[in-house]
Novice: 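Below: one structure in structure tokens.
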Amino acid sequence: MEPTGQYSAWENVSTVVDFIFLDFSDDPELQRFLFGVILIMYITILMGNSLIIIITKVDASLRSPMYFFLGNFSILEMCYVSVTAPRLLADLHRQNRSISFVTCAVQMYFFLIFGATECLILTVMAYDRYVAICNPLLYHLIMNNRLCLQLATVCWVSPIPVHAGFTYHVFSLSFCGSNQLNHFFCDVPPVIQRACGDIFMTQLLIYIIALLVVTIPFILILGSYVNIISTILKLPSATGRAKAFSTCSSHLTIVILFFGSGITVYLKPISRPTKELDKIFSLIYTIVIPMFNPLIYCLRNKDVLVALRKFLLKCNDSKT
């Protein structure tokens, strides 16, 4: 679809008034199938993370820094998925898939904020496991309530000004030509591909932000687990090693899935056109993997599994 007029809310240099998502297919039957599958995934994510939030609040055995950050992570996952899933469901249900500049900017802004916050929360959770395993005698002294609140606040607040400036920069660019985005949400690469003129500064900002919110956190997580694994291997008993590793295996699994899928999606030139396979990887990254995160914590963490069983039994007893 060709642009229809001038857009002046950001800067009066753009010739595109909105964007059109191409999504996955125009086949009505496939759209209905995808709608049903993604709706089930979205509900599963909301229910699974809500259960984790509830049990970390009501179960006394889960009132520790580790589960405080797990509760934050579950809230974050629901926010993160809600940026893209409802819009995708609406687009699959209707024929009009246009999105205004302002709405597109808002979606990109919150997607970037929650993505950066997730990187930081995972880093803090790795630090928590590092202190618990490498300095167990000082764990409660170091990871006190005040520090936990400060770390959580930094994770939630620090990405806000960074991505506010970056999003404003992106949507201050000139956009011309086709207004079609070969994607299902306003991600950075497909939007940048529609920009006219020199985007060198934009690409430089992308690399700088990626260094700050992805590369450095990943290196810190990697360093934490090098020390954790080294400490675990020095434990005298096999039972102690197994117990120590079980406390961080679920977090390590989520780190591998999150950063691994993110690298697969974003480790490519910005100028390369988005292909169908890229959209599938993005769908896995933004919706499918978050659906498995509550399951990973429930199945690989014995404390969470026990607390969940107790909670469900209490709910069942209250009904009867």
Side-chain angles (χ1 to χ4, degrees), residues 34-90 92-93 106-107 110-125 128-129 145 148-149 151-153 155-157 159 185 247-255 257-258 261 283-320:
L34 289 173
F35 179 88
V37 170
I38 294 171
L39 180 62
I40 292 171
M41 288 181 178
Y42 185 48
I43 293 173
T44 302
I45 292 168
L46 296 180
M47 292 180 62
N49 284 288
S50 296
L51 274 175
I52 289 179
I53 294 168
I54 292 170
I55 62 175
T56 55
K57 292 293 184 182
V58 301
D59 196 294
S61 65
L62 300 185
R63 290 174 188 171
S64 67
M66 176 181 177
Y67 299 108
F68 167 76
F69 291 119
L70 176 58
N72 274 262
F73 183 75
S74 295
I75 295 171
L76 175 62
E77 284 286 83
M78 291 193 292
C79 295
Y80 178 70
V81 174
S82 295
V83 173
T84 56
R87 174 77 200 199
L88 176 58
L89 289 170
L92 289 171
H93 183 67
V106 170
Q107 186 183 51
F110 282 105
F111 177 77
L112 293 174
I113 285 178
F114 294 137
T117 303
E118 186 153 345
C119 292
L120 298 176
I121 288 285
L122 288 172
T123 306
V124 171
M125 293 172 76
D128 173 75
R129 292 299 83 207
N145 291 337
C148 290
L149 287 172
L151 290 173
T153 302
C155 291
W156 283 95
V157 174
F185 71 98
T247 63
C248 58
S249 60
S250 53
H251 174 261
L252 182 58
T253 303
I254 289 175
V255 166
L257 289 174
F258 180 76
S261 59
L283 184 67
I284 294 172
Y285 177 68
T286 56
I287 298 178
V288 177
I289 289 178
M291 181 186 67
F292 287 109
N293 288 346
L295 296 176
I296 291 170
Y297 264 105
C298 289
L299 296 177
R300 298 186 65 88
N301 189 301
K302 292 181 180 179
D303 292 337
V304 174
L305 187 58
V306 170
L308 180 60
R309 286 174 177 170
K310 287 165 56 179
F311 176 75
L312 293 177
L313 285 173
K314 286 182 180 179
C315 292
N316 187 53
D317 292 340
S318 64
K319 290 180 180 178
T320 57

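The basis for the numbers below is simple: all heavy atoms, side chains too, and nothing from hydrogens, waters or symmetry mates.
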Novice: Do Val255 and His251 have side chains that get closer than 4.5 Å, going by heavy atoms?
Specialist: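 Contact flag for Val255/His251 side chains = yes.
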Novice: What class does the angle between the rings of Trp156 and Phe114 fall in, given that below 30° is parallel, 30 to 60° is tilted and above 60° is perpendicular?
Specialist: perpendicular
Novice: Are any non-hydrogen side-chain atoms of Tyr67 and Ile55 less than 4.5 angstrom apart?
Specialist: no
Novice: With sequence neighbours excluded, tell me which residues meet ring pair (Phe, Tyr, Trp, His ring centres under 6.0 Å) with Phe258.
Specialist: Tyr285
Novice: Count the heavy atoms of every other residue, nucleotide or ligand shown that sit under 6.0 Å from CZ of Phe35, and state whether that count exceeds 12.
Specialist: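 Yes.
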Novice: Could you tell me if the side chain of Pro159 sits less than 4.5 Å from the side chain of Leu120, heavy atoms only?
Specialist: yes
Novice: So Met78 and Ile53, do their side chains get closer than 4.5 Å, heavy atoms only?
Specialist: yes
Novice: What are the two closest heavy atoms between Thr56 and Gly71, and how far apart are they?
Specialist: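 So the minimum-distance heavy-atom pair works out to OG1-CA, 4.2 Å.
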Novice: Is a side-chain N or O of Thr84 found less than 3.5 angstrom from the main chain of Phe185, in a donor-acceptor match?
Specialist: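 Flag not set: sc Thr84 to bb Phe185 has no pair under 3.5 Å.
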Novice: Mind checking whether Leu151 and Phe69 have side chains closer than 4.5 Å, heavy atoms only?
Specialist: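 They are in contact (side-chain heavy atoms under 4.5 Å apart), so the answer is yes.
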Novice: Given Glu77 and Asn49, is the side chain to side chain donor-acceptor pair (under 3.5 Å) satisfied, shown in steps?
Specialist: CA-CA 7 Å; Glu77 284 286 83; Asn49 284 288; 5.4 Å; no
Novice: Could you state the interatomic distance from CG (Leu89) to CD1 (Ile287), rounded to the nearest 0.5 Å?
Specialist: 7.0 Å
Novice: Are the aromatic ring centres of Phe111 and Tyr80 under 6.0 angstrom apart?
Specialist: yes
